[in-house]
Amino acid sequence: MLRATRHAVLGFAAFFLTFCAAVAQQPSDLRTPLPPPTPHINGPEVYGARPGHPFLYRVPCTGTRPIVFHARHLPASLQLDPKTGIISGTAPEKRGTYTVALDATNSLGRDRRTLRIVIGDTIGLTPQMGWNDWYSYYSRITDEDVRTAAEAMISSGMADFGYQFVDIDDCWARKPNAHDPDLAGELRDPQGNILPNARFPDMAALTAFIHSLGLKTGIYSSPGPLTCAGFEGSYGNEARDAKQFASWGFDLLKYDWCSYTRVAKDKSIEELEKPYIKMGGLLKDQPRDVVLNMCQYGMGDVWNWGREVGGNSWRTTGDLGLQAGSALPGFYNIAFANATHSQDAGPGGWNDPDYILIGTVGNARDQNAPGKPTSLTHEEQYSYMSMWSLMAAPLIFSGQMDHLDAFTLNVLCNSEVIDVDQDPLGKQASIVRKTDEEFVLRKPLEDGSVALGLFNLTTSPRSISADWSQLGLQGSQKIRDVWRQRDLGVFAQNYSPVVPPHGVIMVRITAAHPAH
């Protein structure tokens, strides 16, 4: 835990210096203000866990370290480390909602916030947040790369905004007929347990390290005989693998369709559901909470049944990294498709439009090529993050964690934008208007306010209007720019800002009650 404490102390300092340098160099490009040195507790306001299972939650909090954490009304089976803000222990056996009062104090001030811990059958009450290695490392991923990413999640400050999962994608297992000795060898031990390749010498030690930082970690498999990259899959060994993943200490399984096409009789709903019903049931039987991230590319309208088979999120489209662009970059088309399924998302089950590919990223069409800075403009990157947050999508970054730059952090680490994604009501934004020129999304929030995204799809500045009648609002409304974190005033009937090319204006709208 000493190493974890050191990273917690140094994390905000590194984040602060990075942002300060960015503000000095390119003030016109950065929207997210520097977080204050006083404590500010971030992250979701609700968190689900199953009774009697291991519990781990790092309180996301910005501010100058050291920060001292306290919690009132914490269940007796849980403990809070006052130096790190890590809550650990065993989830209560008694089902119900435990409202915990969190307190964070440093030499400059204090912040307080409540966290509702819901003990029951449903986990994933808000969309997952974290990092996945695929678009950074592909088949080159190693134990050391994952540890480096976990450390960077702390030192960069990302964990202080609620990012918590560090997920291993394909290529950690052994590969049949591999020429590379690192990947070769017996696929399973004599008892049938799946074996990691030489690049992952000790999976249990890896998860223990990540957990020591207060973070969680995910692993990858396929219901077919092989994974997408041709490594050992779980077909015929589902029960062994579910038990193995849980015993290693993993908190998430990405289950990727891939070679199951060779097993399925056809593409009927029954055949599409079958492998996920099996693995979903097996994961629920494990003695720890394991999020099931279904990856089967939207086949069979998975959004209609993903939750029923045990999924906590399900991909709605093909790989974003392979999505061709046209007049607009590829993420727009992915978002347009994902946005049409707003009625199917909610606490415990989320539409997943794939990862956030900004910063330094690899080339999915040439996986051996070195990573390069994204070709997306700054405005497009803010639009990307805005769409994902409004759509209550998992916020999983897949750029290189050891190449994080100030602008990427500015996009990923805005507490008010993340609050929209993590809102406890769990509603995905619905489409108000979609034309060739503009895209408007409306997301209702738990406190009665509305988050609104106005997206300009053209290459010229454009005035985009939202009338209260279109949004189901009445009377004067207060408008707050969530990217710049400032109030814009009270508007009587509509809001019509000028939006930059391929840019976004994202606001939170609250009824303006008359003063008494």
Side-chain angles (χ1 to χ4, degrees), residues 121-124 127-128 134 169-170 173 176 192 194 218-243 245 252-286 290-324 333-355 364 391-394 428 431:
D121 294 322
T122 305
I123 59 175
Q128 308 117 40
W134 181 247
D169 208 276
D170 203 346
I194 193 166
I219 197 166
Y220 170 104
S221 191
S222 171
L226 299 174
T227 67
C228 290
F231 289 67
E232 173 72 352
S234 291
Y235 182 68
N237 294 282
E238 293 86 354
R240 291 188 187 90
D241 288 0
K243 182 178 180 180
F245 299 152
L252 176 147
L253 172 64
K254 177 179 175 181
Y255 211 39
D256 200 339
W257 179 267
C258 294
S259 67
Y260 195 79
T261 297
R262 298 179 354 214
V263 175
K265 298 175 183 177
D266 51 40
K267 289 190 176 181
S268 65
I269 296 298
E270 180 182 22
E271 286 295 296
L272 293 172
E273 290 180 343
K274 185 185 297 184
Y276 294 99
I277 290 174
K278 178 178 286 188
M279 183 55 77
L282 289 166
L283 293 179
K284 286 181 179 178
D285 289 340
Q286 301 309 310
V290 182
V291 169
L292 178 56
N293 170 216
M294 298 169 54
C295 186
Q296 52 83 280
Y297 316 103
M299 293 185 295
D301 296 345
V302 63
W303 43 86
N304 291 329
W305 49 266
R307 184 192 304 270
E308 297 173 8
V309 301
N312 299 110
S313 59
W314 43 82
R315 284 278 298 280
T316 55
T317 68
D319 288 346
L320 192 150
L322 295 173
Q323 180 70 28
N333 292 327
I334 296 287
F336 297 154
N338 189 77
T340 62
H341 311 307
S342 60
Q343 71 279 5
D344 300 302
W350 309 99
N351 292 317
D352 178 6
D354 207 2
Y355 304 140
M391 293 189 300
Q428 179 177 324
I431 300 172

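The minimum heavy-atom distance between Arg315 and Cys295, with the atom names listed, is NH1-SG, 3.4 Å. Across all their heavy atoms, Asp256 and Tyr276 have their closest contact at C-OH, 4.1 Å. When all heavy atoms are compared, the tightest approach of Asp241 to Ser234 is OD2-OG, 2.6 Å. When all heavy atoms are compared, the tightest approach of Ala173 to Glu232 is CB-O, 4.2 Å. Closest heavy-atom contact between Leu226 and Pro176: CD2-CG, 3.7 Å. The two residues Arg307 and Gly348 make their nearest non-hydrogen contact at NH1-C, 3.7 Å.
With contacts defined as side-chain heavy-atom distances shorter than 4.5 Å, the pair Trp257/Val302 does not qualify. At least one side-chain heavy atom of Asn338 sits under 4.5 Å from a side-chain heavy atom of Gln428. Met294 has its side chain within reach of Val309: a pair of non-hydrogen atoms, C-beta onward, lies under 4.5 Å apart. Residues Tyr255 and Ser222 form no side-chain contact, since every pair of their non-hydrogen atoms from C-beta on lies 4.5 Å or further apart. Between Thr227 and Tyr220 the shortest side-chain heavy-atom distance falls below 4.5 Å. Between Val263 and Pro225 the shortest side-chain heavy-atom distance falls below 4.5 Å.
The environment of Gln343 atom CD is dense: over 12 non-hydrogen atoms of other residues, nucleotides or ligands sit within 6.0 angstrom. Within 6.0 Å of atom OH in Tyr297, more than 12 heavy atoms from other residues, nucleotides or ligands are found, so the atom counts as buried in its surroundings.
Atom OG1 of Thr261 sits about 6.0 Å away from atom NZ of Lys267, to the nearest 0.5 Å. The distance from atom CE of Met299 to atom CD of Glu271, rounded to the nearest 0.5 Å, is 11.5 Å. Here the CD1-CH2 distance, from Ile277 to Trp305, works out to 8.0 Å after rounding to the nearest 0.5 Å. For the atom pair Trp303 CH2 and Trp314 CH2, the distance stands at 11.5 Å (nearest 0.5 Å).
No donor-acceptor distance shorter than 3.5 angstrom exists from the side chain of Trp350 to the backbone of Gln128, with no hydrogens or angles considered. A donor-acceptor pair under 3.5 Å is absent between the side-chain atoms of Glu308 and the main chain of Gly306, judged by distance alone. Under a 3.5 Å cut-off, the side chain of Asp266 and the backbone N or O of Ser268 do form a donor-acceptor pair. A donor-acceptor pair is defined here as one N or O able to donate and one able to accept, closer than 3.5 Å; no such pair exists between the side chain of Arg240 and the backbone of Lys243. A distance-only check finds no donor-acceptor pair linking the side chain of Asn293 to the backbone of Leu253 [under 3.5 Å]. At least one donor-acceptor pair closer than 3.5 Å links the side chain of Asp170 to the backbone N or O of Ala229.
Remark: the Thr316 side chain and the Asn351 side chain contain no N/O donor-acceptor pair separated by less than 3.5 Å.
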